[in-house]
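Read the structure below first, then the notes.
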There are 2 protein chains.
Amino acid sequence: MSPRYANVSEREQEPPSLAISTVIFALRPDPDTGTLTLWLPLVRRIRQPYLDLWALPGGPLRPSESLQDAAARNLRETTALTPRYLEQLYAFGGPDRSPSPRVVSIVYWALVQPDEAALARQDENVAWFRADKVGTLAFDHNQIVEYALWRLRNKLEYGTVAYAFLGSTFTLAQVREVYEAVLGRELDPANFRRQLQASVHIEPTEHYLQGGRHRPPRLYRYTGPDPRDESFPSQRPEAMEH
Amino acid sequence: MSPRYANVSEREQEPPSLAISTVIFALRPDPDTGTLTLWLPLVRRIRQPYLDLWALPGGPLRPSESLQDAAARNLRETTALTPRYLEQLYAFGGPDRSPSPRVVSIVYWALVQPDEAALARQDENVAWFRADKVGTLAFDHNQIVEYALWRLRNKLEYGTVAYAFLGSTFTLAQVREVYEAVLGRELDPANFRRQLQASVHIEPTEHYLQGGRHRPPRLYRYTGPDPRDESFPSQRPEAMEH
DNA sequence: ACAAAAGTGTTCTGGATACACCCATGT
DNA sequence: ACATGGGTGTATCCAGAACACTTTTGT
């Protein structure tokens, strides 16, 4: 089955259509191992091409919404969640990435904090996958997910997106868990703590987290700029640190 | 004069159209001061909106070309040059960035080596401007140029784009001049030389540059990966170093 | 001889890493 | 008492910055 180039002339005529897609990342414990890992929601294709394969959530741009609004909307529509972080990833537009009608996709990536309701939303056509085990996706979506992962890791190491995964207060060990889950390797607790404390974006509170079976760790608060402001476009270009 | 929202309903109906624009950078000596500086070509608007203002070169996407091909094409059409480096910058698509028919622009940025012929191409409607003195541009193009400049500086510091400004062999002082021109500050020659030599992307040749009124400097050759491969999409994702 | 840039050597500092060690809590 | 992570101290290493100094050419 390769009807890919069945109607080339038709494809040559029409102007390419525009779509917005979003790679949505969330952290949650693996139900088997219990360790914190990266997950993302995918939707099942209910029409050709790539019928029945899993794909990134997405859809057309509505006339009066911005690109970013469209991404936030299709995030909300598939997960019922609000993005903690949302940034443009890349525009994909090769003439052969989709059979027949050409589609240019502007892709965003997002970080969310899943709650029970959102995870329950799993049905026939929406499901969460471990980011490292998504299987074969429709279109060029495997490539896109890979690239989004690379960007996430980059922003984590050089930016402040980690806090988008966390609540308003957190322990330094929780921050480290986020880094370890996303980067996929262990970090030295002692040095990691010092790096965070040196980074100025963080402030100790007077509270401690009780309930562990060990010394209660101090809670901290994030005081730096909204991580969203580190992405372009921004009202204040100085915010583009890295 | 603000006919911006004159026909909102009309704008709400039509699907947004897609355009490709390109920020093209070249280094050449300032005709006044003689120091190496950054320049870019702009084209004059010959229709409304923003009639007579300067704008980035751009145009529609043709049915069978890739986004990058379209950028290379409108680069060639306005400067008659071939890009040494070409990378996607960002997709701009706010509903209000252009009056009346909504336009989503996918913007690329490029580095070129201008030759005499290309610079002669200045006419009524195409001219080169110092990157720090472009004046007021059409649409949101001032923002776009600022962002492209930021990206260029970033890629220069963390990547290997500098060599796209240079010929096949060059002295270390020439590399330093590129950095100084783009970053806008002076660098220590001694330390800069050592950093380059440590960076492995560079190889000494047996030749020396004669003709200066001082000790002839050794010529070097760039041996690292094509700087283009450091941008996405790439055939080999490992190439995404930073 | 002298100017000018090429190229080398040396010192200092700050950040990252590795890892030993002490602290405070629940059981 | 002891296990478990929280939290501190410290030695080492390496990259970058500052800057003095030597080398090789043209004039």
Side-chain angles (χ1 to χ4, degrees), chain A residues 29 33-36 153-154 156-160 162 166-167 169-181 183-221 224 241-242, chain B residues 29 34-36 153-154 156-160 162 166-167 169-221 224 241-242:
Chain A
T33 70
T35 60
L36 206 59
R153 295 193 175 116
N154 233 34
L156 193 77
E157 292 195 272
Y158 301 110
T160 59
L166 296 164
T169 65
F170 44 82
T171 69
L172 300 189
Q174 288 171 336
V175 184
R176 182 164 49 83
E177 279 181 78
V178 170
Y179 275 75
E180 291 180 337
L183 299 180
R185 65 184 143 94
E186 297 198 338
L187 300 169
D188 184 300
N191 294 328
F192 186 81
R193 127 188 310 278
R194 266 186 295 254
Q195 287 178 22
L196 285 191
Q197 285 170 332
S199 77
V200 195
H201 296 302
I202 235 172
E203 193 178 70
T205 70
E206 291 311 310
H207 305 108
Y208 295 80
L209 182 63
Q210 307 292 338
R213 53 177 160 289
H214 50 74
R215 175 173 173 177
R218 184 186 283 270
L219 289 167
Y220 288 77
R221 194 196 337 273
E241 294 170 12
H242 197 102
Chain B
T35 59
L36 205 59
R153 293 190 176 119
N154 234 33
L156 192 78
E157 294 194 272
Y158 301 110
T160 59
L166 296 164
T169 65
F170 45 81
T171 69
L172 299 190
Q174 288 171 338
V175 184
R176 183 165 48 83
E177 280 181 76
V178 170
Y179 275 75
E180 290 180 339
V182 173
L183 299 181
R185 65 186 144 95
E186 299 198 336
L187 300 170
D188 183 297
N191 294 328
F192 186 80
R193 128 187 309 280
R194 267 187 294 252
Q195 287 179 22
L196 285 190
Q197 285 169 331
S199 76
V200 196
H201 297 302
I202 235 173
E203 192 178 69
T205 71
E206 291 311 310
H207 305 107
Y208 294 80
L209 182 63
Q210 306 291 339
R213 50 178 161 292
H214 52 73
R215 174 173 173 177
R218 184 187 282 271
L219 288 167
Y220 288 77
R221 195 197 336 273
E241 294 171 14
H242 202 111

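Remember, it's a predicted structure, so these values are computed and weren't measured experimentally. Note on naming: letters A, B, ... go to the chains in the order of the sequence lines (proteins, then strands), and numbering restarts at 1 for each one.
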Measure [atom1]/[X] against [atom2]/[N] and give the value in whole Å, please.
{"X": "B:Arg185", "N": "D:dG16", "atom1": "CZ", "atom2": "C1'", "answer": "12 Å"}
{"X": "A:Leu196", "N": "D:dG7", "atom1": "CG", "atom2": "C1'", "answer": "13 Å"}
{"X": "B:Phe192", "N": "D:dA18", "atom1": "CZ", "atom2": "C1'", "answer": "17 Å"}
{"X": "B:Leu187", "N": "D:dG16", "atom1": "CG", "atom2": "P", "answer": "13 Å"}

With sequence neighbours excluded, what pairs up with A:Glu177 under the side-chain contact (heavy atoms from CB on, under 4.5 Å) test?
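Expected list: A:Leu36, A:Gln174.
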Qualifying residues under ring-ring contact (aromatic ring centres under 6.0 Å, His included), relative to A:Tyr220, sequence neighbours excluded
none
Does a side-chain N or O from A:Arg193 land closer than 4.0 Å to OP1 or OP2 of D:dG7, or not?
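For D:dG7, OP1 or OP2 has a side-chain N or O of A:Arg193 closer than 4.0 Å.
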Enumerate the residues from residues 171-183 of chain B whose closest heavy atom to DNA chain C is under 4.0 Å, giving them by residue number; use none for an empty result.
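B:Ala173, B:Arg176 - these, ordered by number, are the residues of the stretch whose heavy atoms sit under 4.0 Å from the strand.
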Check DNA chain C against residues 205-214 of chain A and give the residues with a non-hydrogen atom under 4.0 Å, in numerical order.
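Those residues are A:Gly212, A:Arg213, A:His214.
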To the nearest 0.5 Å, what is the distance between CG on B:Leu196 and NE2 on B:His201?
10.5 Å
Does [X] have any side-chain hydrogen bond (donor to acceptor under 3.5 Å, both in side chains) partners at least two apart in sequence or in another chain, and if so, which?
{"X": "A:Tyr179", "value": "none"}
{"X": "A:Asn191", "value": "A:Arg194"}
{"X": "B:Gln195", "value": "none"}
{"X": "B:Ser199", "value": "none"}

B:Arg176 meets the salt bridge (Lys or Arg N to Asp or Glu O under 4.0 Å) criterion, sequence neighbours left out, with B:Glu180
Pairwise side-chain hydrogen bond (donor to acceptor under 3.5 Å, both in side chains) hits with a residue in residues 206-215 of chain B, at least two apart
B:Tyr208-B:Arg218
Indicate the atoms forming the closest heavy-atom contact of B:Pro29 with B:Gly34, along with that distance.
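Looking at all heavy atoms of both residues, the closest pair is CB-O, 3.7 Å.
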Give the minimum heavy-atom separation between A:Pro216 and A:Leu209, together with the two atoms involved.
CB-O, 3.3 Å
Per-nucleotide protein contact along nucleotides 11-18 of chain C, 5' to 3', at a 4.0 Å heavy-atom cut-off (B base, S sugar-phosphate only, - neither), is ------BB
